[in-house]
Amino acid sequence: MPELPDVSVFKDYFDKTTFKKKIERVEVFEKRILKGTSEKELNKSLKGNFFKKSDRYGKHLFAEIGPDVGLDIHFGMTGDLEHIDDLSKIPPYTRLLFVFQNGEGLAFEDQRKFGHISLVHNFDELISQNNLGIDALNITAEEFLEIIHAKKGKIKSILMNQSLISGIGNLYADEILFQAGIHPKSKGNQIPEDIMKKLFSTMNKVLKTAIKYVAKTDDFPPDFLINHRKENEDCPGSCGKIDIIKINGRTTYFCDACQELY
DNA sequence: AGTACCACCTGACGGC
DNA sequence: TGCCGTCAGGTGGTAC
């Protein structure tokens with residue numbers, strides 16, 4: 001689930017639920033989640049401190065603790081955050097728990113254990129360590145065009161490549177290409193300039209709209225592809241039927257009638 | 001450089 | 001009802 005809009009929502013939730021709360025300890029229930037650190041080291045860095053501020057970059061959440069220490073939180077496929085009032089009621093799939101001195105907690109849940117949490121020195125280190133390209137909501141039109149025109153691969157693969165542009169996953173890649181009227185198999189270097197500009201503005205529009213709806217896809221406007229992800233479903237543009245193909249091994253939904261192949 | 005698989009995990013769903 | 005294969009919105013590695 002967690003792509004850029006979801007992580008943006010997690011950031012707001014994180015800020016709201018950790019603000020001004022002193023960290024008493026960190027409990028790790030699943031070591032696999034930790035990358036390059038340990039429960040002991042985490043506690044050493046966090047105990048007695050506060051989360052000062054957070055930032056989102058791509059699909060990552062950066063939680064700053066001190067001038068030279070912070071957390072890199074990645075939500076994998078099933079990661080989620082849940083604030084806890086009662087520490088005796090820890091949600092299922094809690095892999096790590098921040099315990100605050102006021103008796104509250106924040107659970108990092110992750111059913112499939114693909115998420116991870118690591119210690120980083122700062123925001124820049126998070127970006128370089130994960131080899132992340134420019135954030136999808138901060139990239140300029142010029143940078144966007146340049147990156148995509150330099151690639152001969154399929155546009156959907158390019159959009160999903162976190163080291164080129166970071167934040168877009170399978171779901172939103174399909175949505176953006178659908179709304180921009182571009183076939184997902186189009187080659188990056190063959191998309192005309194004006195279509196590229198449309199793709200850029202569509203990417204911004206889709207991501208911002210998703211954030212506006214708190215990434216709750218059920219509430220998205222009916223002309224979005226997102227709630228029509230079924231084979232043979234009518235295209236929201238009522239021009240044809242939704243097709244399914246595989247790109248990069250990922251299920252891809254699109255409308256052959258309104259998405260042009262370049 | 002681009003692509004095609006496999007792997008990591010767990011649960012839900014459809015077919016038989 | 002029960003077993004089994006397949007699939008899921010992410011990422012990383014390997015090999016052609």
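In what follows, every chain begins at residue 1, and chains take the letters A, B, ... in the order their sequences are listed.
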field: Closest-nucleotide ordering on DNA chain C, the 5'-leading residue of A:His74 and A:Tyr253
entry: A:Tyr253
message: Classify A:Lys187 by what it touches in the nucleic acid, base, sugar-phosphate, or nothing, heavy-atom distance under 4.0 Å.
response: nothing
Neighbours of DNA chain B within residues 217-230 of chain A, by heavy-atom distance under 4.0 Å: none
query: So which of residues 204-215 of chain A are in contact with DNA chain C, with a heavy-atom cut-off of under 4.0 Å?
result: none
- request: Go through the structure and list residues passing side chain to side chain donor-acceptor pair (under 3.5 Å) with A:Lys151, not counting sequence neighbours.
  value: none
message: So A:Phe254 and A:Lys156, do their side chains get closer than 4.5 Å, heavy atoms only?
response: no
- request: Give the other cluster members for A:Phe178, using side-chain heavy-atom distances under 4.5 Å between Ile, Leu, Val, Met, Phe, Trp and Tyr residues; answer none if it is isolated.
  value: A:Leu225, A:Ile242, A:Ile244, A:Tyr253
- prompt: Taking everything shown except A:Lys185 itself, do over 12 heavy atoms lie less than 6.0 Å from its NZ?
  reply: no
task: With a 4.0 Å heavy-atom cut-off, tell me which residues in residues 170-179 of chain A come close to DNA chain C, sorted by residue number.
output: A:Asn170, A:Leu171
message: More than 12 heavy atoms of other residues, nucleotides or ligands under 6.0 Å from NZ of A:Lys152: yes or no?
response: no
- request: Could you check if a side-chain atom of A:Phe50 sits within less than 4.5 angstrom of a side-chain atom of A:Ile23, using non-hydrogen atoms only?
  value: no
Identify all pairs in which a protein N or O lies below 3.5 Å from an N or O of nucleotides 11-15 of chain B, and state each distance.
| residue | atom | partner | partner atom | Å |
| --- | --- | --- | --- | --- |
| B:dG11 | OP1 | A:Tyr93 | OH | 3.1 |
| B:dG11 | O4' | A:Gln111 | OE1 | 3.1 |

statement: Separation of B:dT3 atom C1' from A:Ile247 atom CD1, nearest Å, is 12 Å
message: Any heavy-atom pair between the side chains of A:Arg95 and A:Tyr93 that's under 4.5 Å?
response: yes
field: side chain to side chain donor-acceptor pair (under 3.5 Å) against A:Glu27, all qualifying residues, sequence neighbours excluded
entry: A:Arg25
task: Kindly give the cluster partners of A:Leu97, where membership spreads through any ILVMFWY side chain lying under 4.5 Å from a current member.
output: A:Phe29, A:Ile84, A:Leu87, A:Ile90, A:Val99
field: Range on DNA chain C touched by chain A, heavy atoms, distance below 4.0 Å
entry: C:dA8 to C:dT11
- prompt: Is there any side chain to side chain donor-acceptor pair (under 3.5 Å) pair reaching into residues 135-149 of chain A, and which pairs are they, with sequence neighbours excluded?
  reply: A:Arg56-A:Asp135, A:Thr140-A:Glu143
- prompt: Taking the P atom of each, how far is C:dT6 from B:dC5, in whole Å?
  reply: 15 Å
- request: Within residues 142-161 of chain A, find the residues that approach DNA chain C with a heavy atom at under 4.0 Å, and present them sorted by residue number.
  value: none
- prompt: Paired stems touching DNA chain B, three or more consecutive Watson-Crick or G-U pairs with both distances under 3.5 Å?
  reply: B:2-8 with C:10-16, B:10-16 with C:2-8
